[in-house]
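Contents: one structure, followed by commentary.
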Amino acid sequence: MLVTELEAVLQRCANSFELILVNDASPDQSWRVITDLTHGRAWIRGINLMRNVGQHNALLCGIRAAKYEIVVTIDDDLQNPPGEIPKLLAKLAEGFDVVYGVPEHQQHGLLRDLASKITKLVLQNAMGAEIAQKISAFRVFRTQVRGAFEQYRGPFVSIDVLLTWGTTRFGAVQVGHEPRREGVSGYTLRKLILHALNMMTGFSVLPLQIASLVGFAFTIFGLLALAFVIGRYLIQGSAVPGFPFLASLIAVFSGAQLFALGIIGEYLSRVHFRTMDRPPYTVRSTAPED
């Protein structure tokens with residue numbers, strides 16, 4: 001169904017085109033279906049990854065394999081109708097380098113929508129662009145933009161952040177959003193939260209800034225407590241009684257230090273993973289065979 005609809009749309013949009021299907025090490029028969037689709041269709045190519053690496057890593061693999069001037073990314077669940085692609089292309093022709101298809105009405109559950117909004121807030125900080133509130137997996141962009149992240153090899157990938165490395169010309173257009181026809185989404189609440197955390201620690205200094213503010217706030221609190229102790233001693237001639245007061249101060253400051261160290265440790269782990277030079281994906285096979 002997806003291939004049939006895409007073929008009809010792409011034939012109206014361009015004289016030559018290709019469809020790259022990336023199998024993210026799916027345990028079902030997805031790769032067999034992809035190889036069957038490539039038979040007799042020279043415009044379809046398949047890429048089979050050796051292990052499951054996640055949506056954005058798999059997308060990066062497909063983007064790097066693209067050979068035409070414009071790239072369209074779309075999920076295979078048909079929630080984003082292929083018939084909306086001309087809208088994105090028309091917007092791109094206005095001078096933008098990246099255009100997102102913004103769903104008019106989301107067809108997700110309450111928790112999924114809430115997690116998505118939180119992720120977009122995090123992404124806005126990582127991207128440094130207002131367009132973050134309108135991002136979606138349905139996007140179109142000029143292939144030359146990928147040159148900005150050509151050498152990126154980190155295991156943590158956010159396509160939308162990487163696109164900001166190459167351009168500031170972002171646009172958006174409203175598109176339809178259909179209910180999922182088959183299966184269930186692999187993007188659970190847990191995965192969305194993990195994705196948000198990966199973006200915060202992998203592409204943003206926001207956690208470090210928060211840690212600095214928390215540390216500064218507790219430092220001010222400590223100085224005020226010290227001033228209270230000294231003031232009471234000077235005015236009343238007695239110290240603040242009780243071990244609980246001292247213990248609470250120690251607990252507060254120890255907590256602040258551990259919190260800051262945890263944030264710093266997370267960043268150090270990112271540096272460690274990058275120095276390992278672990279690739280974001282590994283290709284097992286392609287279809288048709290090269």
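In this structure, Ile20 and Val22 have side chains that are in contact, with non-hydrogen atoms separated by less than 4.5 Å. The shortest side-chain heavy-atom distance between His177 and Asn80 falls under the 4.5 Å cut-off. With a 4.5 Å cut-off on side-chain heavy atoms, Phe17 and Gln11 count as touching. Using a 4.5 Å cut-off on side-chain heavy atoms (C-beta onward), Val161 and Phe149 make no contact. Leu21 has its side chain within reach of Ile44: a pair of non-hydrogen atoms, C-beta onward, lies under 4.5 Å apart. In this structure, the side chains of His56 and Phe156 stay at 4.5 Å or more apart for every pair of heavy atoms.
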Discussion item. Go through it in stages, so that I can follow the logic: the residues are Leu49 and Val283, the test is side chain to side chain contact (heavy atoms under 4.5 Å, CB included), and I'd like the CA-CA distance, side-chain angles, deciding distance and then a yes or no.
Written reply: CA-CA 4 Å; Leu49 302 185; Val283 176; 4.1 Å; yes
Fill in: Worked verdict on Lys87 versus Leu92 for side chain to side chain contact (heavy atoms under 4.5 Å, CB included)
CA-CA 9 Å; Lys87 286 186 182 180; Leu92 191 75; over 6 Å; no
Discussion item. Apply side chain to side chain contact (heavy atoms under 4.5 Å, CB included) to residues Val72 and Leu88 and explain how you reach the verdict.
Written reply: CA-CA 9 Å; Val72 179; Leu88 276 68; 5.6 Å; no
Item to complete: Dump the intermediate steps for side chain to side chain contact (heavy atoms under 4.5 Å, CB included) on Ile85 and Val140, then the final yes or no.
Response: CA-CA 8 Å; Ile85 291 177; Val140 97; 5.5 Å; no
Item to complete: For the pair Asp75 and Gln55, evaluate side-chain hydrogen bond (donor to acceptor under 3.5 Å, both in side chains) and give the outcome as yes or no after the intermediate values.
Response: CA-CA 10 Å; Asp75 291 339; Gln55 183 189 44; 3.2 Å; yes
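Of the inter-residue distances, the one linking Arg41 atom CZ with Asp36 atom CG reads 9.5 Å to the nearest 0.5 angstrom. Note that OG1 of Thr35 and CG of Asn48 are 9.0 Å apart. Values are rounded to the nearest 0.5 Å. Annotation: the span from Lys67 atom NZ to Ser16 atom OG amounts to 8.5 Å, rounded to 0.5 Å. In this structure, CG on Asp76 lies 7.5 Å from OG on Ser30, to the nearest 0.5 angstrom. The line from CH2 of Trp31 to CG of Asn23 is 7.0 Å long, rounded to the nearest 0.5 Å. Once rounded to the nearest 0.5 Å, the distance linking CG of Leu162 with CG of Leu60 reads 6.5 Å.
Salt bridge status for Arg142 with Glu69: absent, with no side-chain N to carboxylate O gap under 4.0 Å. Between Asp24 and Arg51 there is no salt bridge, since no side-chain nitrogen of the basic residue lies less than 4.0 Å from a carboxylate oxygen of the acidic one.
The two residues Ala66 and Val71 come nearest to each other via the heavy atoms CB-CG2, 3.8 Å. Nearest heavy atoms, Pro81 versus Gly176: CD-O, 3.3 Å. Contact detail for Pro82 and Glu5: the closest heavy-atom pair is CD-OE1, 3.3 Å. Closest non-hydrogen pair, Arg64 versus Arg146, comes out as O-NH1, 3.6 Å. Across all non-hydrogen atoms, the minimal contact from Val9 to Pro86 is CG1-CD, 3.9 Å. Shown here for Ile47 and Ala65, the closest heavy-atom pair between the two residues is CD1-CB, 3.8 Å.
No donor-acceptor pair under 3.5 Å is formed between the side chain of Arg169 and the backbone N or O of Phe96. In this structure, Asp97 contributes its side chain and Val145 its backbone to no donor-acceptor pair below 3.5 Å. Between the side chain of Gln174 and the backbone N or O of Pro103 there is no donor-acceptor pair closer than 3.5 Å. Between the Ser136 side chain and the Val102 main chain, no donor and acceptor come within less than 3.5 Å of each other.
Linking ILVMFWY side-chain heavy atoms closer than 4.5 Å, directly or via other members, places Leu268 and Leu261 in two distinct hydrophobic clusters. Linking ILVMFWY side-chain heavy atoms closer than 4.5 Å, directly or via other members, places Leu59 and Met50 in two distinct hydrophobic clusters.
Below 30°, between 30° and 60°, or above 60°: for Phe170 and Tyr100 the angle between ring planes is below 30°, a parallel geometry.
With hydrogens and angles left out, the side-chain atoms of Asp160 and Ser158 include no donor and acceptor closer than 3.5 Å.
With Phe141 as the fixed residue, the side chain to side chain contact (heavy atoms under 4.5 Å, CB included) test singles out one of Leu163, Val99, Thr167: Leu163.
For OH of Tyr68, the number of neighbouring non-hydrogen atoms (other residues, nucleotides, ligands) closer than 6.0 Å is greater than 12.
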